[in-house]
Amino acid sequence: MPVDVDPLVARMRGFGTTIFAEMSALAAATGAVNLGQGFPDFDGPPEMLEAAQRAIRDGVNQYPPGPGTPQLREAVAAHQRRWYGLDYDPGSEVVVTAGATEAVTAAVLAFCEAGDEVVVLDPLYDSYAASIALAGAVVRPVPLRPGPDGRFGFAEADLRAAFGPRTRLVLLNSPHNPTGTVLSRAELALVAELCTTHDVLAVTDEVYEHLVLDGVDGAGHVPLATLEGMRERTLVVSSAGKTFSCTGWKIGWVCGPAPLVGALMRVKQYLTYTNGAPFQPAVAVALGLGDDYFDGLVSSMRAKRDRLASGLREAGFAVERSQGTYFLAADIRPVLGADPDGPLPDGHDGLAFCRALPERAGVAAVPMQVFYATRGEGRHLVRFTFGKRDEVLDEGVRRLRATA
Ligand code: PMP
Ligand code: GLN
């Protein structure tokens, strides 16, 4: 093959290095406080960490069964019953995956023929667009925009317009990265109505299920699968990474009706086959922790969100409302001295801002525009993570205020 020809398949050429890798590398190179990539800088529950160490000592170091260890699948089924009243058979309706990323990719590859359409909220988590491209399928974005209450939401007409004869799948993420929005029951009901009338499958990315910080309807997380007619057509995706502060373990799982889980398993067995033998029993222990662990996570993250939001306001940003996840969106226009509702000054946008910020202020953030399928959207927004120790958040804010 001629060396000057790009060896990469055409369908992946639009994808560069992920923004998380780029911004974390920049943070490391400049010694910046990393408020970009979403990973906690504190450890998960000690019972879980101890269980993993014990498993390694006890020789749990070889391939676990392809669908995951029975102990973890049972703990996942018990978790779904305990929190949502959803019943899944651990033998045929639960599969452990290499994080939520593999679960989403395997699902898209399992369900989508080339040319099929996948409805997603726009902006969308970066791996979705790549998975959809790998399948040869097509993204149908539904814009999320801040409403009068400052909450990002979608317009009913936009969602309806996204469904058509080629729609195969809706890939839904709530709580939503990167906006921090939590879909309301009314929004979920509309998705459910369209899935059932168009006979469309749903894959729900619920990695932030235990990071609902302000329930929209005064409630905690609501899985789409709990709505009428949805359990039989939904694969629910979760991950230990965010719930138990162990993003590097890459233990995720899916729950759904046996035919959907079976289809995903057919693909998944050729991606990783299996992973994380000693981590699987440890995550099973964590899933069984008492309510105090889960309540403590929510109250601590809520305090961190409020701490970072007020610090960013003091540093001159306009901060959008975040109801969950690790993230909040901040508008850079006031920091640039621009009209808060007007255009960005020439040569400025979130990407340029985030590329310069580590050097200029000693802080790393992530530009929101890279998450949008619709070009030109979100150029005035940057995403900060508040999933860090308080002293790290305070140091980040101190640096931003010093350069504001
Ligand atoms: N989906 C969303 C919305 C995410 O923010 C992330 C990052 N935690 C993932 C999927 C990936 O999860 P995992 O690390 O378990 O693959
Ligand atoms: N989910 C994390 C985020 O959104 C990053 C995961 C990754 O680096 N791929 O920041």
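We count ligands from 1, going down the list as the structure has it; atoms in each ligand are counted the same way.
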Problem - Aromatic ring proximity, centroids under 6.0 angstrom, Phe244 and Trp249 - result: no
Problem - Nearest-contact summary for atom 8 (O) of ligand 2 - protein heavy atom, Å - result: Gln37 NE2, 2.6 Å
Exercise for the section: Write out the residue and atom name of the closest protein heavy atom to atom 6 (C) of ligand 2, then the distance separating them to 0.1 Å. Expected result: Tyr125 OH, 3.3 Å
Practice task
Scan for ring pair (Phe, Tyr, Trp, His ring centres under 6.0 Å) pairs involving residues 45-75, sequence neighbours excluded, and state none if there are none.
Solution key: Tyr63-Tyr273
Exercise for the section: Would you check whether Phe327 has a nitrogen or oxygen atom less than 3.5 angstrom from a nitrogen or oxygen atom of ligand 2? Expected result: no
Practice task
For atom 10 (O) of ligand 2, grab the closest protein heavy atom and report residue, atom and distance to one decimal in Å.
Solution key: Arg383 NH2, 2.6 Å
Is there any protein N/O under 3.5 Å from an N/O of ligand 1, and what does the full list of such pairs look like?
{"unit_1": "ligand 1", "atom_1": "1 (N)", "unit_2": "Asp205", "atom_2": "OD2", "d": "2.5"}
{"unit_1": "ligand 1", "atom_1": "5 (O)", "unit_2": "Asn177", "atom_2": "ND2", "d": "2.8"}
{"unit_1": "ligand 1", "atom_1": "5 (O)", "unit_2": "Tyr208", "atom_2": "OH", "d": "2.6"}
{"unit_1": "ligand 1", "atom_1": "8 (N)", "unit_2": "Lys242", "atom_2": "NZ", "d": "2.4"}
{"unit_1": "ligand 1", "atom_1": "14 (O)", "unit_2": "Lys250", "atom_2": "NZ", "d": "3.2"}
{"unit_1": "ligand 1", "atom_1": "15 (O)", "unit_2": "Ala100", "atom_2": "N", "d": "2.8"}
{"unit_1": "ligand 1", "atom_1": "15 (O)", "unit_2": "Ser239", "atom_2": "OG", "d": "2.6"}
{"unit_1": "ligand 1", "atom_1": "16 (O)", "unit_2": "Ala100", "atom_2": "N", "d": "3.1"}
{"unit_1": "ligand 1", "atom_1": "16 (O)", "unit_2": "Thr101", "atom_2": "N", "d": "2.9"}
{"unit_1": "ligand 1", "atom_1": "16 (O)", "unit_2": "Thr101", "atom_2": "OG1", "d": "2.5"}
{"unit_1": "ligand 1", "atom_1": "16 (O)", "unit_2": "Lys250", "atom_2": "NZ", "d": "2.6"}

Fill in the blank from the handout: Residue set satisfying side chain to side chain donor-acceptor pair (under 3.5 Å) with Tyr128, at least two apart, ordered chain then number -> Asp205
Completion exercise
If you scan protein heavy atoms around atom 4 (O) of ligand 2, the nearest is Asn177 ND2, 2.8 Å
Practice task
Indicate whether any N or O donor in one side chain lies under 3.5 Å from an N or O acceptor in the other, for Thr204 and Glu206.
Solution key: yes
Practice task
Kindly say whether the aromatic ring centers of His221 and Tyr84 come within a distance under 6.0 Å.
Solution key: yes
Handout entry: Tyr326 near ligand 2 by a heavy-atom separation under 4.0 Å
Key = no
Problem - Residue pairs fulfilling side-chain hydrogen bond (donor to acceptor under 3.5 Å, both in side chains) with at least one residue in residues 46-56, sequence neighbours excluded - result: Glu50-Arg57
Problem - Nearest non-hydrogen protein atom, atom 7 (C) of ligand 2 - result: Phe20 CD1, 3.4 Å
